[in-house]
Amino acid sequence: MYLSKAKLMEEYGISKSSVDRILKLIRDHSARYPKSAVIRSGNIVRIRDDVFLDAFQYTDQIMCGIAPKFVPNERHAWERISAL
């Protein structure tokens with residue numbers, strides 16, 4: 001599922017700056033996450049919830065290079081097609 005910044009703020013009880021910081025972490029570590037991790041269309045930004053949770057949960061370990069491997073908890077039609 002993709003969530004907006006506002007929904008992530010509400011779900012995790014964090015500020016917009018915290019969401020932006022985690023979004024930057026996701027962008028900076030794009031090799032860790034699938035290309036579909038963040039979708040942008042103009043000013044609209046949607047972030048996969050499994051990616052956000054991983055980045056939020058393992059921020060310090062990701063920064064130190066010792067985080068466990070990211071295991072996607074979501075499957076999307078376009079990912080199944082590209083795997084064929």
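Only this structure's heavy atoms are used, side chains among them; waters, hydrogens and symmetry mates stay out.
Atom CZ of Arg21 is separated from atom NZ of Lys16 by 13.0 Å, given to the nearest 0.5 angstrom. In this structure, CE on Met1 lies 13.0 Å from CG on Asn73, to the nearest 0.5 angstrom. Note that OG of Ser36 and CZ of Arg46 are 15.5 Å apart. Values are rounded to the nearest 0.5 Å. The OG atom of Ser17 sits 10.5 Å away from atom NZ of Lys5, with the distance rounded to the nearest 0.5 Å. Here the CZ atom belonging to Arg48 is positioned 10.5 Å from the CD1 atom belonging to Ile26, to the nearest 0.5 angstrom.
In this structure a side-chain-to-backbone donor-acceptor pair under 3.5 Å is missing from Asp54 to Phe70. With Thr59 contributing its side chain and Ala55 its backbone, the two residues share a donor-acceptor pair below 3.5 Å.
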Exercise for the section: Assess whether side-chain contact (heavy atoms from CB on, under 4.5 Å) is satisfied between Tyr2 and Asp49, documenting all intermediate values. Expected result: CA-CA 6 Å; Tyr2 287 86; Asp49 58 346; over 6 Å; no
Exercise for the section: Under the side-chain contact (heavy atoms from CB on, under 4.5 Å) rule, what do Arg27 and Val38 come out as? Steps first, then yes or no, please. Expected result: CA-CA 8 Å; Arg27 273 194 234 117; Val38 178; 5.7 Å; no
Exercise for the section: Just do the side-chain contact (heavy atoms from CB on, under 4.5 Å) check on Leu3 and Ile47 with the steps written out, would you? Expected result: CA-CA 5 Å; Leu3 301 174; Ile47 307 162; 5.9 Å; no
Handout entry: Test log, rule side-chain contact (heavy atoms from CB on, under 4.5 Å), inputs Tyr12 and Leu53
Key = CA-CA 9 Å; Tyr12 290 94; Leu53 176 60; 3.5 Å; yes
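Follow the hydrophobic side-chain contacts under 4.5 Å out from Phe56 and you never reach Ile66; the two are in separate clusters. Using a 4.5 Å cut-off between side-chain heavy atoms of Ile, Leu, Val, Met, Phe, Trp and Tyr, with links allowed through other members, Val71 and Phe52 fall into different hydrophobic clusters. Linking Ile, Leu, Val, Met, Phe, Trp and Tyr residues whenever their side-chain heavy atoms come within less than 4.5 Å leaves Ile44 and Ile22 in two separate clusters.
Heavy atoms only, all atoms of each residue included: Ile14 and Leu8 are closest at CG1-O, 4.3 Å. For the residue pair Asp50 and Pro72, the shortest heavy atom distance occurs at OD2-CA, 3.6 Å.
Applying the side-chain hydrogen bond (donor to acceptor under 3.5 Å, both in side chains) criterion to Tyr58, with sequence neighbours excluded, gives no partner residue. Here Asp28 pairs with Lys24 under the side-chain hydrogen bond (donor to acceptor under 3.5 Å, both in side chains) rule; sequence neighbours left out.
The shortest side-chain heavy-atom distance between Arg32 and Lys69 does not fall under the 4.5 Å cut-off.
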